[in-house]
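Below: the structure, in structure tokens.
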Amino acid sequence: MKISKFTKGVAAIALVGASIALAACGGAKQTVKVGVLVADASGEEALGFKNYLQRYVAKEYNYEFVYSPAIASAEQAKSQAETFIGQNCKAIIDMADKNRGDLAKLCNDSKVYFAIGSGMMSDGDFAASKKLDYFVGQIGPDMQTEYETGLAMGKYYKEVKNVDNIGVYGAFIPNPMHLYRMAGLLTGLDDTYKGQSGQNIVFTVFGDDAQFDAANIAGDVEIDYCAGFDGEGAIFGTVGGIIAKGPDAFLSVGMTTTFFADMLDEAHVEYSDIDSFTTQNGNHMKTGSLKYLSGKYSSSLGPIFAAIKSAIDGKAIRNNGEAFSLSQGYWTAKSSAEFEKFQSADSVNNPIFNKTLLDTLVGASFDTFKAAVELDRTPQ
Amino acid sequence: MEQVVENKKSGFDKYKIKKLIITLLPLLALILLFVAYIVILNINDYNVMMNLKTLLNQSLILVLVATGAIFIFTLGQFDISLGANALFSAVVGTLAYKATGSIALLFIVCIAVAVACSLLNALIASVFHLPMFVTTIAMLSVLTALATFLIQSKGSASGTSYSITLPAELVDKLAPLDTVAFKIVLLIVFMALMVFIFNFTKIGRKQKFLGGNERCAKLTGISISLFGIIAFALAGLGVGLGSSMTVVYAHTVSTTTASSIGMSVFIAIVFGGMPINGGARSRIYSALIGGFSYNIMTNILFILFQSMQGVRDGLVQVISGVFFLVIVFVASINYRSKNLPR
Amino acid sequence: MEAINRQSKAKEIGKKALGIFTIPLLVIAAVLIVCLSSGQMILTTDVSFYGFTRYTAVVFLTTIALSINLSSGRFDFSIGSLSTLSSVIAAKITYAMLSGSGASAPVMLLISIIVGAALGALSGTLYVALKLPPIITSLGVTLIFEGIIYMISGGRYITTETSNSSMVFFRENWWIHLIIIALALGIIYLVFDRSKFGFNYKALRAGQNISVNTGIKEIPNAIICYAICGALMGTVGFLQVLPGNQIATSVLNFGSIGIMFVAFLPMFIGGYIGKYTNDKIGYLIAAICISLLSSMFALFNAKTITASVQSIVTAVLLVGFLIFLNNEQTCKDLVNGTLIKRLIKQYKEKKNRGESDDKPQE
């Protein structure tokens, strides 16, 4: 029997539709659902956090962590947050950094808990949001921590490595996080920016309409600077040019291990970065030229989960009735052995913030919680 | 003889019914998808009203922009700079609103800038006899660059991008507009206006004529330049409304605002049954049907594949692409040419 | 008589030379002026030179790939996603076979070309099977290819499979890029200008109905065009890996279509130059011009010439050149000083005929 094209087409649609309808009949799970907003679902740091949440915390606590697609704009973030709310998520963890103040208010109006993991709101947004009942709080490196991380890197290379001329990658300056790291780095190297050092560098740059001009850097250590990423190849040429001059080291305030690691390994130029403790970075440290890495460890997200769970269980952790803002520092590895020690200290199967520790934080007092978060847990 | 007439009659009816089904297929698909969506939401015990509200928010801006763009597509033209236009007009509108606190000015500036940019496209192409599509490609770069320049100079760094964010008091003023009721009213009023212009005025009729057979239309005295300009102006109206509602919804503009609108417009109108070459078969409601259908479909797929988070986003897009081709194939089944289409 | 013939021949050669070399000479002059006034010069280091040759190859191949289908009325959004998918698949297969050792780069290049051709043929087959306007088919194909890229890679940068000394060798040796350009130019010239397939292609391009009615098989011709496009974009996909030894795979929601816009300006410039010589050579000259401009932009830091400024410059050049192309006679009259006279003459003629003022849009 000859079947017309039309009939075939309609049958195709009906078949696919029926399959989907059947597949939908899965029924709801009885777990607590938490939505996670991410700007980058695929970076090594993001994957580390994802593994910790989905492969450890979810199993131990019968929670379900639903990740958003990569969020590129504020309207996408809001739309995704609404989607999570519509899917009965009890809480949302934000790591996308798109208009957090708005999201906190949205979640509060919808009676869904909102927390910021591994990052911070702007001071203005936090001041406006901290009284919201459903805003749990934020944990991440604050700007002081970012500055100190850069400072430690600069001091190490100045005092221990005695560098005279270096390449520097500014990542996405004037992103405040990267700018504070850069201010610390320059200060640690005993260089100045427009005659300023310390955090005054940041204020100077913001005073210049957030324009960072490397020509304003002065000091004993000569710096060949570049920043940004265009994805087209021009930045690789710029960095290649810096590498070709044979600097003593290539220091970075972020993203170098993602973009330029292979170029630097190939040229045997020592480099540093602020990133995360991933297998890839471990390989660069073992066989490549990565010699200094500051990073977050994956289970550093544990405390924000504990705070969310406390809130959901009705035992919210508040700082004098308001949302908390706590700082967590970085670990710094200066050798492959140190890196491996850090990596094995915090794995998916044996994280630093394991169930035993997390259970002590759920429902704890603010002071106990604060002490646990801010404790230096660098493996010795 | 009577048997022959009867056979002819039933054959004629069958053809008519088939043609009707094909014409209504996009609408039928929307209804089917909507029902499936409600069923899936209920099975999973999700908040149906909240999800429908989210759907409206996801689709509104796309439908506003795409409906205006129908006038361009009816002429058989393309405009790939709609997203960049929406971004640029949103930036200028936000700056105007920040400076004055006037909501009316936000809307007026967004619409005026969007219409001006659209008209610039049409004028450049018309005066210099340029291919329209390539002109819009150039405009895409220029508008994106201008918007980026404004955001970087007037905004602040946030994450890895810049943005201009409205202060809290101005956000609160926008609250009555960021509601389901207002959005539905806006959509109804805008659609009514567009349907009226497209189906009940000479503008719509002449544009369909131009899109169907430009030479014949010109010989009957229809001015190609004039109706091209009108089409772009109406598209600018849709873009302006879309960009102002983006500001109302998100309260911030960044370099990635409205980034996916440009291509999503194509998807929405074709998914809604609009012939890509325009002409008499153009339907003003294609964007409405296509925009909602496409978003419902992707929402359903995201729910179904939620557990496959490693590959979910890619899988959803693959299935969306396949569905898109199947739907469009079936909807245009009666309009096949002997040779390959160009 | 001979003298007259020699004179007219010389005139013709002069006209051709003018047509071929005007634009590149203008570009070189502009680049020199900008560089000298800023005290910097392009292409003075190895890094900048092999960056230049690589980018020339990318622009050249993309322009040919775009023009093959576009000049037949087939707009294809999927070339960007096709190039990325080819390189992703090639990287995975090569790493599985060689684990990054030995001749990984040439093997990856070869596989990328083959996979690209296959994906292109698939795209073409979909087009002929569905008989939808090619722009619509390309939208669906782009969604599908981008989705597959994401499913293979999880949206992560592919680095392990592409980080090896072989890739570095290919990046840092500019003669390899020149060989790729020369091979592509030669093969495309032979296929499209010296083969039966090419003649059929041109016939179909010029008059679809007549060509089909005379017995030219349109369907295999279209599929082969898509396959050749795919092979070229597979090569581009490989070349795009070279700068950072990595593949960015987070390209959902039409994130891959950007590369297509890079090819528009060189395509029009190449088409213009091609009037005086072969169009493929025109595309190559145009690609060199674009690459020179890009090298010039790369000299200046982000503060002086931002990416936005570069975009605007490229867009203005595109529109400006199109205005020239579509109003060539008017431009010539403007230069000769006969424009006003001609416009007055045209106006009088129209007034006498009582015709409408409209000119059809192209």
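A, B, ... follow the sequence lines: proteins, then strands. Residue 1 opens every chain. Hydrogens, waters and symmetry mates are skipped; everything else that's a heavy atom, side chains included, is used.
When heavy atoms are compared at a cutoff of 4.5 Å, S153(C) does not approach chain B at all. Only the side chain of N213(C) has a heavy atom closer than 4.5 Å to any heavy atom of chain B. For F268(C), the part sitting under 4.5 Å from any heavy atom of chain B is the side chain, from C-beta outward, and nothing else. Residue L140(B) touches chain C through its side chain alone, counting heavy-atom pairs closer than 4.5 Å. Contact of I219(C) with chain B is made through backbone and side chain together, with heavy-atom distances under 4.5 Å. The contact between I323(C) and chain B is made by backbone and side chain atoms together, counting heavy-atom distances below 4.5 Å.
Shown here is K217(C), whose NZ atom has no more than 12 heavy atoms of other residues, nucleotides or ligands within 6.0 Å. Applying the 6.0 Å contact sphere to NZ of K202(C) captures more than 12 heavy atoms from other residues, nucleotides or ligands.
Interface remark: of the candidates L143(B), I267(B), V134(B), V311(B), V134(B) forms the most heavy-atom pairs closer than 4.5 Å to chain C. Looking only at heavy-atom pairs under 4.5 Å with chain B, the residue among V313(C), L325(C), L204(C) that has the most is L204(C). Chain B forms the most heavy-atom pairs under 4.5 Å with one residue out of I148(C), V212(C), I149(C), and that residue is V212(C).
Two rings, from F75(C) and F78(B), have their centers 6.0 Å or more apart.
The side-chain heavy atoms of V316(C) and S141(B), taken from C-beta on, include no pair separated by under 4.5 Å. Contact annotation: the side chain of I312(C) never approaches that of F149(B) to less than 4.5 Å [non-hydrogen atoms, C-beta and beyond]. When side chains are defined from C-beta on, L340(B) counts as touching Y127(C), because their heavy atoms get closer than 4.5 Å.
The nearest pair of heavy atoms linking R342(B) to P134(C) is CA-CD, 4.0 Å.
For Y150(C) (side chain) and R312(B) (main-chain N/O), no donor-acceptor pair under 3.5 Å exists by modelled atom type.
Expressed to the nearest 0.5 Å, how far CD1 of I135(C) lies from CG of N277(B) amounts to 9.0 Å. Atom CG of residue N327(C) and atom CZ of residue F128(B) lie 7.5 Å apart, to the nearest 0.5 angstrom.
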Next item on the list: Starting from the C-alpha separation in whole Å, work towards a yes-or-no answer on side-chain contact (heavy atoms from CB on, under 4.5 Å) for F261(C) and I80(B).
Entry: CA-CA 11 Å; F261(C) 300 129; I80(B) 206 159; 3.7 Å; yes
Just distance, no hydrogens or angles: give the donor-acceptor pairs under 3.5 Å from side chains in residues 315-329 of chain B, sequence neighbours left out.
from    : atom 1 : to      : atom 2 : distance (Å)
Q317(B) : OE1    : N253(C) : N      : 3.0
Q317(B) : NE2    : L143(C) : O      : 3.2
Q317(B) : NE2    : E146(C) : OE1    : 2.9
S320(B) : OG     : V316(B) : O      : 2.7

